[in-house]
Amino acid sequence: MENYPLLVAAIKIVIVFLVLSGVVAYMVLAERKVLAFMQARLGPMRVGPWGLFQPAADGLKLLLKEDIIPAGADKFVFLIAPVISVVAAFTVFAVIPYGPSSALIITDLNVGLLFVVAVSSLGIYGIILGGWASNSHYPLLGSLRSAAQLVSYEIPAGMAIVGVLLVSNSLSLVKIVEAQQSSGLWNFFLQPLGFLIFLIAAVAETNRNPFDLPEAESELTAGFHTEYSGFRFALYFMAEYTSMVLVSALAVVLFWGGWLRPFASVAALDFLNYLPPVSLLMIAGVVFFFARRNPVPAEKWFLVAVAAGSAVLAGVVAVPVVMTAVQPIFWFTAKVFALLYAFIWYRATFPRYRYDQLMNVGWRWLIPLALGNLIATACVLWWAGPNPGRLKLFFAMLAANLAVAIVVALLVGWRSPTAAAVEKQTGS
Amino acid sequence: MLAQSVFLILAVVALSSGVMVITRRNPVHSVIWLIVTLFSVGGIFLLQYAQFLFAVQIILYVGGIMVLYLFVIMLIRVETVAKQAPYSRQWAIGLGAVLVLACELMYGVYTGVESFHLGTPSRPPVDMNNTEAVAGVLYNNYMLPVEIASLLLLVAMVGAVLMAKKRFE
């Protein structure tokens, strides 16, 4: 296999692409289901048991729908814009490390972090050009909002990433995880403020609630993709969900220790290593429980088969050799899914920001916080010197983060106009 | 051999998209071609093992500055701009510039390959990657120019904010 590096890379890329497409398709279903449960509804129930085949039906529908190009549209730009969005979102996954072994890493760039920032910032072109090329009012306004929002929130996100870079001392994503492994502390514990900033900026950059102003349906119909239909709309949809998975994977790699088990250095928690087979068994149990209550025979047997399949898989995973092998990929996936769930959770929880509130959060709060965090991190690292103790570094960083948060809150809060003044100014 | 052919492809793409930038009537199309140019120049950086420069080229120029260009261009009336004849007033200056550039190039070709030689770049230490090497040069050898440049940029930024604010109030 060593003789064909390109072939191996191509195979890995195809696998990642297929898995990712599956995750994205089921992410849509999961979002509809979770939102439904949070609102005491059932969500999709028609296609397959609990609507499990809904993604396939949706995909087929979008493929077969007519692809409309508006009469006044700039045809070439209109056609290419959604492709830019999707390509930018998928390309970044080439540098994400899924595990420590070289089989689980497509490529380890020594400027990996910069590559991530560079390529993910290209997705904005899909949105701007798509909105402009539609030659229609709502898409143009949506894409203008989007451009302003993405440019604003890229700055705090970038600065939060620089904090991680200072702590881990490398731009390679593999080395960043390895640094967290050797220091025994996830970057989350050294950069809690940085994580918070990155998370908020990530939600804003993926145009998700509560930052989904570019597609605020009550104001802009559907924002930048109003004129898109059929498969091109599906591409935009895919790009949005792929970038959700992307920022979750990035947050996991940068702050949550990538493929590492939680508290990997604590021997008392070694029983967590048994979680992969146990969780598969639990899935089997839950599916079997619901299968018994399902009235449709075909669906019932399908669910029983799924339950039996997961039980068998649990047995395979329980073999010690396999269990060690699946550890990294299991923990990576589990953490990414936890963050993806949080994305859906935000959507059910937070109301959308108004435009001035969005700009306020970005420029008045996140950027000063990120700047302060950067300076404080650099100062603490300089004070602690090379190879500081784990606890010393943790407490010093915690104190610095708290100090930055308090100082910025005082400074910004003091200078911020009151709600009454804003209302007077905006006339709302 | 491979590197050379990749370079040739990138150079041809960079130059032809550069020509497209100035010949398109629609400013948005010009911006798209300019992005293609910047990308291929980034590729040439990568070919020279300057990964840091490549990444910064994409982040700053493609991801930042061109987005702002588009932002501004989208707000002007593209139809009226497309109907105007560009460079009709500056053609004399343009011709002069082209003549000067052509003379320089001819002189370079006349003196031979040696005149293009810029001196061999010093190789960075093996244990140091590209980013660290750039940082070392910037912050050890050229500390003062970097600080002056960043101060200038800061002043420009504050000035722009101040001007915008004055007009707003």
Where does [X] contact chain B at under 4.5 Å (heavy atoms): side chain, backbone, both or neither?
| X | result |
| --- | --- |
| A:Leu171 | side chain |
| A:Ala148 | both |
| A:Ile80 | neither |

>> Please identify which of these residues, A:Leu122, A:Ile124, A:Leu150, meets the side-chain contact (heavy atoms from CB on, under 4.5 Å) condition with B:Val67.
In response: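 Looking at A:Leu122, A:Ile124, A:Leu150, the match for B:Val67 under the side-chain contact (heavy atoms from CB on, under 4.5 Å) is A:Ile124.
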>> Show, in sequence, the C-alpha distance, side-chain angles and deciding distance for A:Val119 and B:Ile58, and conclude whether the side-chain contact (heavy atoms from CB on, under 4.5 Å) test is met.
In response: CA-CA 8 Å; A:Val119 177; B:Ile58 305 292; 5.8 Å; no
>> Is it the case that atom OH in B:Tyr69 sees more than 12 heavy atoms from other parts of the structure closer than 6.0 Å?
In response: no
>> Please check if the number of heavy atoms outside A:Phe90 that lie under 6.0 Å from its CZ is greater than 12.
In response: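 Counting other residues, nucleotides and ligands, CZ of A:Phe90 exceeds 12 neighbours.
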> Does some side-chain heavy atom of A:Val77 sit less than 4.5 Å from a side-chain heavy atom of B:His29?
Replying inline: yes
>> Which heavy atom of A:Ala118 sits nearest to which heavy atom of B:Ala55, and what is that distance?
In response: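 Taking A:Ala118 first and B:Ala55 second, the nearest heavy atoms are CB-O, 4.1 Å.
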> Closest approach of B:Val28 and A:Leu129, non-hydrogen atoms and distance?
Replying inline: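 Looking at all heavy atoms of both residues, the closest pair is CG1-CD2, 4.0 Å.
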> Just how far is it from atom CD of B:Glu132 to atom OG of A:Ser170, taken to the nearest 0.5 Å?
Replying inline: 8.0 Å
> From B:Leu70 CG over to A:Trp132 CH2, what is the distance, rounded to the nearest 0.5 angstrom?
Replying inline: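 Here the rounded value is 9.0 Å.
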> Does A:Tyr125 use its side chain to pair, donor to acceptor, with the backbone of B:Val62 at less than 3.5 Å?
Replying inline: yes
> Measuring heavy-atom distances to chain A, does B:Leu60 have an atom under 4.5 Å in its side chain, in its backbone, in both, or in neither?
Replying inline: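 Neither the backbone nor the side chain of B:Leu60 comes within 4.5 Å of chain A.
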